Amino acid sequence: MRKRWYALVAVAALAALAAGTLSPASGQNPIVVGASISQTGRLAVTATYVLQAYQLWVDDVNAKGGLLGRPVTLKVYDDKSDPGTGAKLYEKLIVDDKVDLVAGPYSTPVSAAASTVNEKYKKVMVAPMAAGDALWKRGYRYLIQTLTPSSLYYIGVVDLALERGLKTIAFMSEDSEALRVATPAVADLAQKKGLKVVHNEYFPRGTTDFSAMLTRIKALGADVLVCGCYEPESVLSVRQSKELDYSPRLLFAGHGAAVPEFYKALGKDAEFVLASDHWDSRMKTPGNAEFVERFKKKYGREPNYHAAGTYGGMQAFEAGVRKAGSLDQDKIRQALGELDLATIFGRYKVSETGGQIGKTSIIVQWQGGKKEILWPGGTATAKAMLPAPPWAERR
Amino acid sequence: MPRALLVGLALAGAGAVPLVANNYVLSVLISLAMFTGLAYAWNIISGYTGYLSFGQVTFFGVGAYTAAVLIIKLHVAWPLAALAGGLLAALLSLPLGWIMLRLRGPYFAIGMLGLSRIAERIAFAWEPVTDGGRGLYLPPVLDLRAVYWAVVLVAAALVGITSLLDNSRFGLRLLAIREDEGGADNLGINTTLAKLQAFVLSAFFPGVLGGIYAWHVSYVDPVTAFATQIDLTAIVAVLLGGAGTVWGPLIGGVTLSVLAEVLWARFPFIHTALFGALVIVTVLFLPKGLADAFRQRGWLAPGRAFLRRLAARPAPLEAAPE
Amino acid sequence: MLWEPVLWGQLLIHGVMLAGLYGLLALGLNLVFGVMRVINFAHGELVMLGAFLTFWGYTALGLHPLVALPFSAAVLFGVGWALQRLLMERVLGGQPMAALLVTFGLSLIIINVGLLVFGADIRSIPVVSGSLRVAGFVVPKARGLAFLTAVALTVATVAFLRWTAFGRAIRATAQHPEVAITCGVDVRRTRLVTFGLGAALGAAAGSLIMLILPMDPQSGSLLILKAFAVIIVGGLGSVAGSLLGALVLGIAEVFGSFFIATVFGEVMAYVLLLLVLLVRPAGLLGIAER
Amino acid sequence: MLHVEGLEKRFGGLRAVDGATFRLQPGVITALIGPNGSGKTTTFDLITGNVRPNAGVVRFEGRDITGLSPWQVARLGLGRTFQLPRLFGEMTVLENMTAAVREGTLREVVHRALKLLDFVGLTAHADAPASSLSYGQRKLTELARVLMLRPRLVLLDEPFAGVNPTLARAIADRLLALQRQGTTFLVIDHDMPLVMGLAETVLVMDMGSVIAAGAPKDVRDDPRVREAYFGTARP
């Protein structure tokens with residue numbers, strides 16, 4: 001009995017050894033792309049878009065005959081929305097699993113932790129969902145940004161407000177890396193161009209009751225309300241403004257107001273609300289319409305900017321690998337630094353540090369249940385309906 | 001003698017791990033050692049002294065932020081910064097402990113939970129120092145070995161201190177407070193002082209570990225530095241292993257990570273529920289933890305042997321007391 | 001601009017409306033504590049469960065939340081009864097910490113079940129929106145509705161405790177369990193009903209909160225701390241104290257958010273909790289007991 | 001030795017202790033008797049600092065100890081036991097004995113603890129958890145434990161209640177032995193014959209104040225005492 005057990009172990013060990021030595025020689029060995037995604041925890045809901053975009057990209061690449069003549073596969077772990085776990089998993093992906101390419105996780109904090117690991121092993125990481133300019137001020141080389149830099153998130157609002165002769169502006173922003181950069185950038189620009197900033201406050205993630213803050217902003221008589229916020233807070237800021245009978249002439253509710261769920265939650269109250277978006281399915285970027293089509297077909301839902309940004313980021317990654325012609329990380333990094341590319345997501349162009357400088361946000365407005373692009377002027381699909389009528393005068 | 005040899009061997013073995021293990025294994029061991037250390041620290045105030053705290057993570061976060069700020073702004077070497085994190089946590093624990101330890105039972109538990117939430121909010125609001133919700137970025141850690149050694153050193157120090165505590169009159173005073181604080185008071189034990197000493201110990205080490213954590217993940221933000229989950233893991237480890245014992249936290253910590261690897265990794269969606277169920281099952285069926293079960297089977301020597309050893313020496317007994 | 005009396009009146013109205021909800025939120029917790037001398041750490045999760053049941057009734061069955069509320073309260077009554085029967089009875093009278101830890105473990109399980117069943121999304125029941133103008137003040141309709149319902153339920157509960165035989169049995173058990181037994185009160189049944197009632201009141205509070213503020217399955221932990229703050233500020237075991245505590249918390253939260261920052265409005269509960277615990281541990285109206 | 005003057009404690013409207021005044025002589029066993037609710041245990045609590053008085057002064061060996069914390073009082077050499085013994089249940093008897101002792105090396109302390117355990121006949125139980133002891137054994141352990149502090153005055157709250165007569169006799173003998181060595185005792189108890197045989201002086205409390213003091217025989221015949229105990233003064 002005991003002997004047989006030993007034999008079994010020996011066979012297994014031999015098999016493992018054989019697998020380890022033989023398979024690289026066979027040319028069909030796939031290129032493994034590794035990533036950790038927040039499949040559980042507080043970021044899990046949005047993170048599924050990122051994962052689905054990764055899978056769609058893998059399908060598309062393989063349909064085109066693969067990368068460098070080899071098929072591509074995806075290896076994904078769950079970081080539980082926790083940066084520490086994320087760092088551990090990238091360590092595992094690189095050291096244990098020896099993946100060929102490293103793709104980013106969802107969310108800035110996890111990207112920050114993971115990038116440290118990649119930097120150590122000199123592995124290029126295209127992090128499609130990493131925002132926050134601080135990440136690219138650390139002297140890292142191997143982290144590539146494809147998302148809109150946060151300092152350019154909201155700046156369009158200032159032009160739109162001035163066009164209508166509005167005078168005062170108030171800010172309420174989620175206390176996060178990205179918005180701590182985005183908000184001061186708009187506030188500075190507003191002040192420079194003659195708008196008076198009457199209130200500027202950050203609230204921690206998870207805040208649900210803004211009534212006191214909005215009462216204060218209402219008392220201060222702000223014409224423009226900029227809510228630097230995401231999904232739940234975007235809805236809440238609008239709903240609670242209405243409840244308190246506060247009618248800003250321009251209500252801008254951040255990226256969170258650009259998702260379909262925003263309109264679904266608010267119905268007619270969403271009319272006239274402005275939002276910023278990284279991406280729109282109507283954008284005339286190359287391959288955009290086809291991407292939207294394929295995504296819908298595969299997953300049965302509309303892609304959002306998380307999906308498009310991830311896909312666009314992977315397009316850039318793919319272009320970098322093809323340009324480098326090998327999996328040598330330094331060659332890929334160099335290629336990624338030189339590329340100036342139009343992806344479905346928009347322009348891709350990075351600075352020396354790997355931070356994005358090519359991509360800008362668009363500003364949209366809900367008009368008749370649809371999002372119309374207002375800014376920048378060149379891509380506008382409709383005229384701004386401003387100032388917004390007071391709540392009391394709406395049907 | 002063999003005891004000292006055993007300890008030396010264990011330490012040498014633990015210290016030699018980085019020579020053979022890769023970085024992934026190291027990072028797993030770092031978090032194991034970190035949580036074991038936190039469990040030991042929690043064990044002093046909650047296991048020995050009986051003051052169940054749901055908020056020791058306050059000191060972990062304070063340590064993490066202190067170290068991060070020192071490293072970024074003053075370019076202090078990280079081991080010193082982590083030590084400073086522990087010292088500040090200990091310093092802060094003096095007034096906080098003096099206030100909070102006036103509360104007993106569930107009031108202390110909930111008061112500490114409230115304290116940790118306030119600490120998190122302060123980290124959000126104190127933007128000039130903490131950068132608010134943006135968090136602080138530290139330089140990357142290129143060599144995990146030093147981090148590993150630091151964490152293992154702290155964890156080993158905690159095992160050592162707990163072992164000393166378990167065999168000291170100070171430890172007996174803490175246990176007396178746990179068993180009957182009023183009774184201890186009436187026997188001349190300065191309970192306020194003893195509790196405060198235990199509390200400071202239970203704050204210093206999480207502070208140091210928080211500092212090392214900040215360096216290890218090279219990013220600190222309010223939500224992760226003051227996460228209730230951190231306390232939760234330590235609490236479950238101690239309850240499972242056996243509160244108020246020398247080996248309980250280690251047994252609990254190791255059991256928990258084994259469970260996490262072999263069982264829970266497969267059921268990530270019910271991870272929290274399994275934690276909760278473990279708490280309930282432990283309280284109902286294993287109130288004294290695994291350490292006690294091991295002792296009853298003779299796998300583990302009973303604790304607090306020092307009095308028994310002394311008492312075992314033959315001594316002439318006189319009929320009347322002094 | 002920020003020091004006008006109208007504005008202060010407006011803030012006071014907000015505070016009082018929140019207080020109505022906090023009072024109901026704390027009532028169930030206080031009742032359970034009164035009868036069993038156990039702080040039910042899972043109360044916030046029971047509140048969340050009740051809220052999500054109402055949400056489910058609203059979305060899946062199209063029920064108005066005020067119609068769904070009695071059903072979810074009834075379900076939670078059953079849940080509370082079952083928890084008392086299966087779990088709490090085993091730890092009552094033993095180590096006081098054992099009961100706290102068991103409810104703590106329970107809260108983790110319920111959170112996880114909530115995440116599995118309802119998902120991690122933040123949900124709300126926006127059936128009413130907009131506002132009324134009352135004497136120059138703005139009264140949001142949803143908050144007004146939630147406030148009035150909460151007050152009605154609180155009054156009904158207090159009346160039940162005061163004027164029904166069973167209510168008297170509950171109060172007797174809370175005050176003198178031994179005496180209650182000798183007077184023929186079935187203490188075990190009283191406890192079962194009390195735990196059920198506590199959960200049902202929590203479910204009602206949760207459903208009403210969801211009318212005005214969104215929740216996710218992890219919101220319970222925030223709510224429990226508010227409920228703690230309320231009963232500790234007012235005094236454990238004192239219903240009148242609870243109402244006072246709720247008023248103090250509601251107003252402090254609103255004024256704190258307005259004049260300091262929203263970051264601190266949210267922690268006002270803890271600040272009050274700690275202050276009262278330190279200065280006057282029995283609470284403002286409580287009987288000295290620790 | 002101990003000098004209590006005008007001690008007063010109100011709980012709400014109730015005057016638990018109302019102007020209690022008495023003195024204890026060194027080296028004497030004094031009994032404190034009185035009907036239920038007459039304020040005996042509260043008086044103990046006031047002396048040892050467990051409860052703060054509303055008025056009055058407590059002096060121990062000439063020193064004002066009013067308002068000191070229990071541990072401070074204990075360290076001055078004033079120990080006490082409780083009506084229901086308060087042992088540290090999860091700790092062994094020997095650990096109970098040593099936990100609070102500060103003076104001396106550990107070896108000396110353990111040595112002394114073993115001698116005291118021998119004195120109360122509990123040597124065999126030194127390593128047993130306190131929670132495993134019988135009620136009488138707990139009373140003895142608590143007595144031995146307070147003696148570990150080398151107190152000059154010990155307040156004993158009903159040391160004989162719920163103890164079988166043989167054991168009660170044994171405890172009384174131990175107390176007498178200790179008294180001979182100079183320890184002062186103040187003993188609350190209801191076992192009249194035993195108390196009368198043990199104490200040289202008796203204090204009688206009723207309605208929160210000391211209504212009689214003196215030798216056992218005199219006190220027993222005091223009409224005020226009879227009234228306090230039986231409701232009427234019998235002829």
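In what follows, chains carry the letters A, B, and so on, assigned in the order in which the sequence lines appear, proteins first and then strands, with residues in each chain numbered from 1. As the structure is a computational prediction, the values presented were derived from the model and not from experiment.
When each of B/G50, B/A109, B/G114 is checked for heavy-atom pairs under 4.5 Å with chain C, B/G114 comes out on top. Among B/I110, B/I99, B/L232, the residue with the largest count of heavy-atom pairs under 4.5 Å with chain C is B/I110. Of the residues considered (B/I280, B/T228, B/T282), B/I280 shows the highest number of contacts with chain C, using heavy-atom pairs under 4.5 Å.
Looking at C/V113, there are no atoms closer than 4.5 Å to chain B (heavy atoms on both sides), in backbone or side chain. Proximity to chain B (any heavy atom under 4.5 Å) is shown, for C/I111, by neither the backbone nor the side chain. In this structure, the portions of C/A98 lying under 4.5 Å from any heavy atom of chain B include both its backbone and its side chain.
Counting non-hydrogen atoms of other residues, nucleotides and ligands closer than 6.0 Å to CZ of B/R295 gives a total above 12. No more than 12 heavy atoms of other residues, nucleotides or ligands shown are found within 6.0 angstrom of CH2 on B/W247.
The aromatic rings of C/F104 and B/F54 sit parallel to each other, their planes meeting at less than 30°, with 60° as the upper class boundary.
Rounded to the nearest 0.5 angstrom, C/I109 CD1 and B/L278 CG are separated by 10.0 Å. A distance of 5.5 Å separates CZ of B/F285 from CZ of C/R90, quoted to the nearest 0.5 Å. Note that the OG1 atom of B/T272 and the CD1 atom of C/I110 stand 13.0 Å from one another [nearest 0.5 Å]. Interatomic distance, CG of B/L113 versus CG of C/L225, reported as 5.0 Å (0.5 Å rounding).
Residues C/N112 and B/F275 have side chains not in contact (no heavy-atom distance under 4.5 Å, counting atoms from C-beta outward).
Residue B/V283 comes nearest to C/L101 through the heavy atom pair CG2-CB, 3.8 Å, listed as atom of the first residue, atom of the second, then distance.
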